[in-house]
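Bear in mind the structure is a predicted one, so any value in this text is a computation, not a measurement. Numbers restart at 1 for each chain; the letters A, B, ... are given by sequence-line order, proteins then strands.
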Amino acid sequence: MSGLIQSVRGMNDVLPEETPLWQAVEGTLRGVLEAYGYREIRTPVVERTELFARSIGVVTDIVEKEMYTFTDRNGDSLSLRPEGTAGCVRACLEHGLLRGQSHRLWYAGPMFRHERPQKGRYRQFHQVGVEVFGIPGPDVDAELILMCARMWRELGLEGLRLEINTLGDAEARRRHRADLVAYLRAHEDALDADSRRRLETNPLRILDSKNPDMAAVLAGAPRLIDYLDGEARAHFEGFRALLDEAGVAYEVNPRLVRGLDYYNRTVFEWVTDRLGAQGTVCAGGRYDGLVEQLGGRPTPAVGFAVGLERVVALLEGRREAAAAERAPHAYLVAVGEGPERAALGLAEALRDAVPGLRLAANCGGGSFKAQLKRADRSGARVALLLGEEELAGGRLTVKWLREPDHAQRTVTREEAVALLRALVAGRGSPGAA
RNA sequence: GUGAGCGUAGCUCAGCUGGUAGAGCUCCGGACUGUGGAUCCGGCGGUCGUGGGUUCGAGUCCCAUCGCUCACCCCA
């Protein structure tokens, strides 16, 4: 055990016990995205490092110290993507998708950040993300919120809280940031070490400090909301009105800030208090300036990303149920030389005759007892027994593994096919066997 | 990057003040020549994370190192 090679720190295996829950989550999210007319885009996991530096921001933690960056054989600096938006914008620009038309897109896949792992935070993690290009109004912002709400509903995820805020436009943010830094510098002796460091890196975060000693100073700090111009203000009011109209509950959190530089105007987060320190399950906002910043024409854009590890963690209680939904319908037991030789062919014939059938055929021999044990553990609803007697008579014995009140019966292959069809259709009437 | 807690069988863990490693679950087999999930019996399975030190003797004490977990930071 000590000599074995282990997985890379912070990069986890998802074992077969767990994959059914992941598949259920992914399937549900995909269904919702399609219900809103969003189309999937797939982009590489590796991009030029410069793409992330120019989009996320050079001085952010992500770019400064969390990227997996390496030099390609030809000398280019490449990085594993730490988030999905930059690559998506790059792909759209590269293929001319942003000329005039609007696009509603989604993607899913692994992201990489070299952080210290902890609950809900991993070095390889998975996101489902959405990006909308070319629609400036608050109606899409609201649509994204409604889409999220539907995702939670269909997943059966309860207790998520929606927090929203507006960051205004670039100009307002610049003025506010300058005033804020000046104000905080004037009170620098009242700041703790962390906050002094953040004066350089992320001054907005200082407002979010949990240190009670700084509360008085922070209360007097310039507020971003006072810097908003009329248009940004109207956008936010419009967004809120649409949420109210739709009956979505939310909370305005003026201290809600996004870590990535490119956000402006609407930002939002869906949070839970059931995941320890990493309570954000989904976050997003508007980034109207990013496309231009990456060399395209000015193009309004909004998006969000869902952290799949966090969603799966919240749904952990449904692991068994999800696994049961994907278990085989039937397990084919074959004992004896003749039956064992005939089993694979019979299994093929049954799969041909019953579309959608999930049939596990026993391999590796074993006694009746051993094979039934495997059948039981496979989660199958019925065991199909093929022994010398059945083989000689062209029949199969159907044994119900989950319904103790249904006796096993030996039937013709045609009857077995009919029964399996009913099982697959979900109207399995076990008594009919 | 900083701090704290924890590393004993595939999994969950016991092992008191140092005396030469155990249980439950899983898996395989038997009781039951073609019948699983219950019960009983048996079997497989361990360089006690790794390296060094103290000692007649270290799973136990000391040091280092690696790993895991949680928190800070940051964020999905």
Side-chain angles (χ1 to χ4, degrees), chain A residues 1-10 12 15 17 56 60-66 81-85 108-130 148 192-195 197-198 201-202 205 208-211 256-260 268-272 275-284 303-314 331 333-336 339 362 364 366-391 397-404 407-408 410:
Chain A
M1 168 170 165
S2 51
L4 294 180
I5 295 172
Q6 291 178 282
S7 70
V8 174
R9 184 165 161 82
N12 303 121
L15 301 178
E17 266 188 335
I56 297 167
T60 56
D61 276 12
I62 292 178
V63 168
E64 266 186 344
K65 47 194 189 200
E66 294 177 1
R81 61 182 183 195
E83 55 96 45
T85 300
M111 308 294 163
F112 303 84
R113 292 183 200 170
H114 192 109
E115 300 181 271
R116 191 86 168 244
Q118 76 185 69
K119 191 182 180 71
R121 190 177 78 180
Y122 309 100
R123 289 185 174 179
Q124 173 174 333
F125 59 102
H126 298 79
Q127 292 185 332
V128 167
V130 165
C148 289
D192 57 28
D194 248 1
S195 298
R197 179 179 55 78
R198 284 189 281 212
T201 58
N202 200 349
R205 279 269 174 212
D208 209 9
S209 169
K210 293 151 196 157
N211 188 342
L256 180 61
V257 173
R258 308 273 55 243
L260 286 48
F268 60 88
E269 269 184 26
W270 293 87
V271 298
T272 174
L275 283 181
Q278 309 297 329
T280 304
V281 162
C282 168
F304 67 82
V306 179
L308 291 186
E309 279 80 2
R310 295 180 185 177
V311 169
V312 168
L314 288 172
Y331 187 100
V333 169
V335 177
N362 187 76
S367 64
F368 254 95
K369 185 187 179 71
Q371 292 195 34
L372 273 171
K373 205 165 186 172
R374 291 178 204 147
D376 185 43
R377 274 200 318 266
S378 77
R381 190 108 174 265
V382 303
L384 303 175
L385 312 188
L386 182 68
E388 300 289 2
E389 291 168 25
E390 286 86 352
L391 184 64
T397 297
V398 177
K399 178 180 174 68
W400 294 88
L401 298 173
R402 320 274 155 218
E403 279 88 359
Q408 77 178 41
T410 300

Using the P atom on both, measure B/C48 against B/C32 and round to a whole Å.
42 Å
Please determine whether a side-chain nitrogen or oxygen atom of A/Gln118 lies at a distance below 4.0 Å from atom OP1 or OP2 of B/A71.
yes
Roughly how many Å is it from OH in A/Tyr122 to C1' in B/G67, rounded to a whole number?
16 Å
Taking for A/Pro117 and for A/Gln6 the nucleotide of RNA chain B with the nearest heavy atom, the one nearer the 5' end belongs to A/Gln6
Whole Å only: how far is the CD atom of A/Glu309 from the P atom of B/A76?
13 Å
Ignoring hydrogens and geometry, is there a side-chain-to-backbone donor-acceptor pair from A/Arg123 to A/Asn12 under 3.5 Å?
no
With rounding to the closest Å, how many angstrom separate the P atoms on B/C68 and B/C11?
15 Å
In whole Å, what separates the C1' atom of B/A38 from that of B/U33?
23 Å
What I want to check is whether the side chains of A/Thr397 and A/Gln408 have a donor and an acceptor closer together than 3.5 Å.
no
Rounded to whole Å, CD of A/Gln278 lies from P of B/A71 at a distance of 7 Å
Report the residue (A/Ala305 or A/Ser7) whose heavy-atom-nearest nucleotide on RNA chain B is the more 5′ of the two.
A/Ser7
In this structure, how many angstroms lie between the P atom of B/C75 and the CZ atom of A/Phe268, rounded?
16 Å
When the C1' atoms of B/G29 and B/G45 are compared, how many Å lie between them, rounded to an integer?
15 Å
A/Gln124 side-chain N/O to A/Gly10 backbone N/O, donor-acceptor pair under 3.5 Å:
no
Is A/Gly129 touching bases, backbone alone, or none of the nucleic acid, heavy atoms closer than 4.0 Å?
nothing
Please determine if a side-chain N or O atom of A/Arg116 lies less than 4.0 Å away from the OP1 or OP2 oxygen of B/U69.
no
Using atom types as modelled and distance alone, determine if a side-chain donor or acceptor of A/Glu83 lies under 3.5 Å from a backbone N or O of A/Thr85.
yes
Watson-Crick or G-U counterpart of B/A58, or none if no pair lies under 3.5 Å:
none
A/Ala334 backbone acceptor or donor facing A/Gln371 side chain under 3.5 Å:
yes
Side-chain N or O of A/Arg121 closer than 4.0 Å to phosphate OP1/OP2 of B/C74:
no
Spacing of CD belonging to A/Gln127 relative to CZ belonging to A/Phe304, to within rounding of 0.5 Å:
11.0 Å
Let me know the distance between CD of A/Glu115 and C1' of B/C72, rounded to the nearest Å.
13 Å
Hunt down the Watson-Crick or G-U wobble partner of B/A9, both distances under 3.5 Å, from any strand shown, or write none.
none
Could you check whether A/Ala375 gets within reach of a base, just the sugar-phosphate, or nothing at all, counting any heavy atom under 4.0 Å?
nothing
C1' atom, B/C27 versus B/A76: distance in rounded Å?
39 Å
Scan A/Tyr331 against the nucleic acid and name what it touches under 4.0 Å (heavy atoms): base, sugar-phosphate only, or nothing.
nothing
C1' spacing across the pair B/A21 / B/U8, given as an integer number of angstrom:
8 Å
Which whole number of Å gives the distance between the P atom of B/A31 and that of B/G37?
14 Å
CD of A/Gln371 versus C1' of B/G29: gap in Å, rounded?
16 Å
Given 3.5 Å as the limit, does a donor-acceptor pair link the side chain of A/Arg310 with the main chain of A/Val281, or not?
no
Determine the contact category for A/Val333: base if any of its heavy atoms lies under 4.0 Å from a base atom, sugar-phosphate if only primed atoms, P, OP1 or OP2 are that close, otherwise nothing.
nothing
Whole angstrom is fine here: how far is it from CZ in A/Arg113 over to P in B/C74?
13 Å
Interatomic distance, A/Leu275 CG vs B/A71 P [rounded to whole Å]:
10 Å
Counting only distance, no hydrogens or angles, is the base of B/C75 paired donor-acceptor with the side chain of A/Arg310 under 3.5 Å?
yes
Rounding to an integer number of angstrom, what distance separates B/U26 and B/U12 when you compare their C1' atoms?
11 Å
To the nearest 0.5 Å, how far apart are CZ in A/Arg381 and CG in A/Leu401?
10.5 Å
If we ignore hydrogens and angles and just use 3.5 Å, is the side chain of A/Arg113 paired with the main-chain N or O of A/Ile62 as donor and acceptor?
no
Tell me which nucleotide, if any, is Watson-Crick or G-U wobble paired with B/U2 when both distances must be under 3.5 Å.
B/A71
Each nucleotide in nucleotides 34-41 of chain B should get exactly one letter: B, S or -. Can you fill that in based on protein heavy atoms under 4.0 Å?
BBBS----
